[in-house]
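The next block holds one structure in the form of structure tokens; read it before the comments.
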Amino acid sequence: MTHARGERAALCDLLDQLGPDAPTLCTGWDTYDLAAHLVLRERRLDAAGGIALRPLAGYTASVQRALKARHPFPELVSIVRRPGGPYGLLPFLDEAVNTLEYFVHHEDVRRAQPGWEPRDLPADFERLIWKRVSASSRLMLRSSPVGVVLHRLGGGVTLGGPRQGPKVEVTGRAAELLLFCFGRQEHARVEYTGDDDAIARLKKAGLGL
């Protein structure tokens, strides 16, 4: 099983366990909303553009609401379990595109529940996450108000944010740095080093793709 498939299965198991009304780290979304988002993203490509493009967001939101109205929560989760669209036909594409997507959304659900702790991920998964973070840090941190130096525990450094001005060093495991870069600063187990004002601004910044 690929890491994308493993995270997908684990997320769906957790969604089934928690039900439709549990909180997530996605602002304004409960688990029902998240399940509908994942179905839309893979199976309603006509509406997926609004996930990233603000002018199309209204249509995307209407399709997501329609999915919730049409499908009971367990049915939506069962749809999420099976890769849809091109991801179901091309396993390599599923692994390339969905590994981080499903890891982050799995943690969005896990870390919104009381008593959560970081998972111990397999070493190869941590290496894969760090490879993706290193390749995408400039993009994910493009909205940072300050320069960022990411330090991976165990080795590895990459940069993001403005090249000029104050810089903040952010240290943690690869998975925690990924969550930080995806805008989950409040729930990422990382350490900050730098000017206090710069750190405060970075913690509140809207990061991510």
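Count residues from 1 along the sequence.
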Hphob cluster co-occupancy, Val104 + Trp29, side-chain heavy atoms under 4.5 angstrom | no

If only atom types and distance count, is the side chain of Gln113 paired as donor or acceptor with the main-chain N or O of Pro23 below 3.5 Å?
-> yes

Should we say atom CG of Asp120 is surrounded by more than 12 heavy atoms from elsewhere, each under 6.0 Å from it?
-> no

Heavy atoms of Leu150 and Cys181 approach each other most closely as CD1-SG, 3.6 Å

Specify the closest pair of heavy atoms between Leu139 and Arg142, including all atoms of both residues, with the distance to one decimal.
-> O-NH1, 2.6 Å

Asp33 bridged to Arg65 by N-O distance under 4.0 Å | no

Side chains of Val146 and Lys167 in contact at under 4.5 Å (non-hydrogen atoms) = no

Kindly indicate whether the side chain of Pro91, heavy atoms from C-beta on, has any atom under 4.5 Å from the side chain of Thr2.
-> no

Hey, quick one: are Phe103 and Val80 part of the same hydrophobic cluster, counting side-chain heavy atoms closer than 4.5 Å, chains of contacts allowed?
-> no

Nearest non-hydrogen partners of Val190 and Gly172, listed with the distance = CG1-CA, 4.4 Å

May I ask you to establish whether Arg189 and Phe180 are in a cation-pi arrangement, using a distance under 6.0 Å from NZ or CZ to the six-membered ring centre and at most 45° from the ring axis?
-> no

Does the side chain of Asn98 pick up a donor-acceptor pair with the side chain of Glu7 at under 3.5 Å?
-> no

Using a 4.5 Å cut-off on heavy atoms from C-beta on, say whether the side chain of Pro20 contacts that of Asp30.
-> no

Check the pair Trp130 / Val133 against side chain to side chain contact (heavy atoms under 4.5 Å, CB included), numbers first and verdict last.
-> CA-CA 5 Å; Trp130 177 245; Val133 169; 4.0 Å; yes

Is atom CD of Glu186 surrounded by more than 12 heavy atoms (other residues, nucleotides or ligands) closer than 6.0 Å?
-> no

Heavy-atom check, side chain of Leu178 versus side chain of Leu100, under 4.5 Å | yes

Can you list the residues that meet the side chain to side chain donor-acceptor pair (under 3.5 Å) rule with Gln64, with sequence neighbours excluded?
-> none

Can you hop from Val168 to Met140 via hydrophobic side chains spaced under 4.5 Å?
-> yes

Could you walk me through whether Phe73 and Thr31 pass the side chain to side chain contact (heavy atoms under 4.5 Å, CB included) check?
-> CA-CA 9 Å; Phe73 179 73; Thr31 43; 4.2 Å; yes

Note, Val170 side chain near Val149 side chain (heavy atom, < 4.5 Å) | no

For the pair Arg138 and Arg163, evaluate side chain to side chain contact (heavy atoms under 4.5 Å, CB included) and give the outcome as yes or no after the intermediate values.
-> CA-CA 10 Å; Arg138 288 289 183 190; Arg163 298 176 186 270; 3.2 Å; yes

Looking only at non-hydrogen atoms, find the nearest pair between Ala36 and Lys68 and report the distance.
-> CB-CG, 3.7 Å

Could you verify whether a donor N or O on one side chain and an acceptor N or O on the other, from His3 and Glu95, lie under 3.5 Å apart?
-> no

Heavy-atom closest contact (Ile129 atom, Ala174 atom, distance) | CG2-O, 3.6 Å

Verdict with supporting geometry, Leu11 and Asp108, side chain to side chain contact (heavy atoms under 4.5 Å, CB included) = CA-CA 10 Å; Leu11 170 58; Asp108 282 337; over 6 Å; no

Are side-chain heavy atoms of Lys204 and Gln185 found at a separation under 4.5 Å?
-> no

State plainly whether one hydrophobic cluster holds both Leu159 and Ile199, where clusters connect Ile, Leu, Val, Met, Phe, Trp and Tyr through side-chain heavy atoms under 4.5 angstrom apart.
-> no

Within residues 45-58 or reaching into it, pairs that qualify as salt bridge (charged side-chain N to carboxylate O under 4.0 Å, His left out) - sequence neighbours excluded = Arg44-Asp46

Polar side chain donor-acceptor pair, Thr158 to Ser137, under 3.5 angstrom = yes

Are Glu107 and Arg184 ion-paired here, with the side-chain N under 4.0 Å from a carboxylate O?
-> no

Is any side-chain N of the basic residue among Glu176 and Arg111 closer than 4.0 Å to the acidic one's carboxylate O?
-> yes

Side chain of Thr60, backbone of Gly50: donor and acceptor closer than 3.5 Å?
-> yes

List the steps and the verdict of salt bridge (charged side-chain N to carboxylate O under 4.0 Å, His left out) for Arg41 and Glu101.
-> CA-CA 11 Å; Arg41 178 179 170 273; Glu101 176 81 10; 3.4 Å; yes

Are Asp16 and Arg81 ion-paired here, with the side-chain N under 4.0 Å from a carboxylate O?
-> yes

Side chains of Glu169 and Glu191: does their closest heavy-atom pair fall under 4.5 Å?
-> no

Are Leu93 and Leu40 connected, step by step, through hydrophobic side chains (Ile, Leu, Val, Met, Phe, Trp, Tyr) whose heavy atoms are closer than 4.5 Å?
-> no

Looking at side-chain heavy atoms only, is the closest gap between Arg173 and Arg152 below 4.5 Å?
-> no

Carboxylate-amine/guanidinium contact Asp94 Arg8, below 4.0 Å | yes

